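A short worksheet on the structure shown next.
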There are 2 protein chains.
Amino acid sequence: MGVADREAGSRGARPRRADARRNRERLVEQAKVAFAEFGVEASLDEIARRAGVASGTLYRHFPSRLDLVEAVLAEQIGELVELGRGLLADEDEFGALVTWLRAAVAHALSYRGLAAAVMNSALGRGEELVAGWHAEIFDVGGALLARGRASGVIVSGADDADVLRMVGAIAWAAQDAPDRSAQADRLLGLLVDGLRRGGSQ
Amino acid sequence: MGVADREAGSRGARPRRADARRNRERLVEQAKVAFAEFGVEASLDEIARRAGVASGTLYRHFPSRLDLVEAVLAEQIGELVELGRGLLADEDEFGALVTWLRAAVAHALSYRGLAAAVMNSALGRGEELVAGWHAEIFDVGGALLARGRASGVIVSGADDADVLRMVGAIAWAAQDAPDRSAQADRLLGLLVDGLRRGGSQ
DNA sequence: ACCTGAACACCGTTCAAGT
DNA sequence: ACCTGAACACCGTTCAAGT
């Protein structure tokens, strides 16, 4: 209650009219540029202006800012999921998990404010961590963690949702550092040390 | 460059005129109420309105939102620092650190958005993690960590600034959870497991 | 079916005019 | 020395009117 303000209907559908399709593409294109420059909190008005459409048109295509973010990240998310699925076949269960976690952090770092946007939308009512459009990421991450536990290289106490929440938190904490990539790596190191079974150092 | 937009002059000074002092107190009082209700991003205009002053008066007393946050948290920060100093005498080096980290997270959770506000201001240019008004917290946390390393209960690889940054990240990640206190505890557990020397579980 | 752009409500911040 | 409140710039969001 109160959380589901977004309609599920025509959320990302490809419009039928040619001009509408072109507008949609231009909006996504300019959103990418604006997100890269100002982060995902970039002005929607300016994105519409740069795309050469009125603000109402942006809202017609993307009812909420998150819908626009989703469109911008579509392929990227697919790649992260595929990477994870591939890593499930890696014989080094611990290394595979770490590699994927590193990629997940890099994903969350792709635009400033992204971790916050995902996290805010992710906190659905109740226990669920991840919103619909990030559910695949959650699944893959959970699978890698489960495999690590099953093979004994990962501690059994760590909850999947907590670990992924931590990944988001790490990206958030590193996003404005001058050396954000190295910063994120160090923080991820702290997390990974806690996940490893059998003693640190 | 570009970061130091704030003046250091009369930042939190007690005004000499009686009405000004009263205004300042009312502003802090109403800021507390508004922060508790809407988080530290609460409307400054409304805080001024509730305090019965014009917006310009708020800006005169508190040039930036962070100055107002600082005033609201003044005593709280003092308590956290004192707690840490007391814990430096505790014979259980590891337990003392964990107790303090837990209190630090609770502090950062006292208002929604606080972790973000502190973190944003904290990222001064260069390497420094913590802004002036949180320097004491940094000092105490560093002392507790150093003691833990010296006595061999804490791993030597973890940087002080990274650990404290992680504390902020944990508070941020837990702040909107329905069970934010329990959520923060679980995330802190992951961090602490990585800090403990000599094997997890 | 889709687009336009004015309209509305709500921000933070500044500053001339007052006392 | 301090306060007021209008003014400015910039938001997100809606919706009647168009094509």
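In the text below, chain A, chain B and the rest are named by the order of the sequence lines, each starting its count at 1. Worth saying up front: this structure is predicted, and the values here are computed from it rather than measured. These numbers come from the heavy atoms of this one structure, side chains and all, not from hydrogens, waters or symmetry mates.
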Exercise for review: Can you tell me the distance, in whole Å, between the CG atom of D19(B) and the C1' atom of dC3(D)?
Suggested key: 8 Å
Review point. Does L144(A) reach the side chain of V140(A), with side-chain heavy atoms less than 4.5 Å apart?
Key: yes
Practice item. Produce a footprint string for nucleotides 14-19 of chain C: one letter per nucleotide, 5' end first; B if the base is under 4.0 Å from any protein heavy atom, S if only the sugar-phosphate is, - if neither. Key: BB----
Check your understanding: Of all heavy-atom pairs between L109(A) and Q175(A), which one has the smallest distance, and what is that distance?
Key -> CD2-CA, 3.7 Å
Check your understanding: Rounding to a whole Å, what distance do you find between F62(B):CZ and dC3(D):P?
Key -> 11 Å
Exercise for review: Take E29(A) and R50(A) through the test side chain to side chain contact (heavy atoms under 4.5 Å, CB included) and record every step on the way to the result.
Suggested key: CA-CA 10 Å; E29(A) 187 185 343; R50(A) 289 193 194 186; over 6 Å; no
Exercise for review: Please state how far atom CG in D67(A) lies from atom P in dT13(D), giving the value in whole angstrom units.
Suggested key: 11 Å
Check your understanding: Which of these, R22(B), R17(B), R21(B), sits in a side-chain hydrogen bond (donor to acceptor under 3.5 Å, both in side chains) with D19(B)?
Key -> R17(B)
Check your understanding: Can you tell me if the side-chain N/O atoms of H61(B) get under 4.0 Å from OP1 or OP2 in dC3(D)?
Key -> yes
Review point. Under a 3.5 Å cutoff on both atom distances, Watson-Crick or G-U, what's the dot-bracket for DNA chain D ([ ] crossing, | other strand)?
Key: ||.|||||...|||||.||
Review point. In whole Å, what is the span from the CD1 atom of I47(A) to the P atom of dG12(D)?
Key: 8 Å
Point to revise | Rounded distance (Å) that lies between atom P of dC3(C) and atom CZ of R24(A) | key: 12 Å
Check your understanding: Can you tell me how far the CD1 atom of I137(A) sits from the CD1 atom of I77(A), to the nearest 0.5 Å?
Key -> 5.0 Å
Review point. Backbone N or O of G95(A) within a donor-acceptor pair of the D92(A) side chain at under 3.5 Å?
Key: yes
**Study point:** Pairwise 5' ranking along DNA chain D for R16(B) and R65(A), keeping only the more 5' one
**Key:** R16(B)
Practice item. Quick one: sort the Y111(B) and F35(B) rings into parallel, tilted or perpendicular, breaks at 30° and 60°. Key: perpendicular
Study note, to complete from the structure: One should read off an interatomic distance between R149(A) CZ and S156(A) OG, to the nearest 0.5 angstrom, of 8.0 Å
Exercise for review: Please list, by residue number, the residues of residues 31-45 of chain A whose heavy atoms come closer than 4.0 Å to an atom of DNA chain D; answer none if no residue qualifies.
Suggested key: A42(A), S43(A), L44(A), D45(A)
Check your understanding: For dC2(D), does either OP1 or OP2 sit under 4.0 Å from a side-chain N or O belonging to N23(B)?
Key -> no
Point to revise | Spacing between R22(B) atom CZ and dC3(D) atom P, to the nearest angstrom | key: 10 Å
**Study point:** Side-chain donor or acceptor of D67(A) paired with backbone N/O of S64(A) under 3.5 Å
**Key:** yes
Check your understanding: Where the side chain of W100(B) meets the backbone of L80(B), is there a donor-acceptor pair that is under 3.5 Å apart?
Key -> yes
Practice item. Measure from CG on L58(B) to C1' on dC2(D) and round the result to the nearest Å. Key: 14 Å
Practice item. Nearest whole angstrom, please: distance from the P of dC10(D) to the CD of E46(A). Key: 10 Å
Check your understanding: Just by distance, do the side chain of T57(A) and the backbone of V53(A) share a donor-acceptor pair under 3.5 Å?
Key -> no
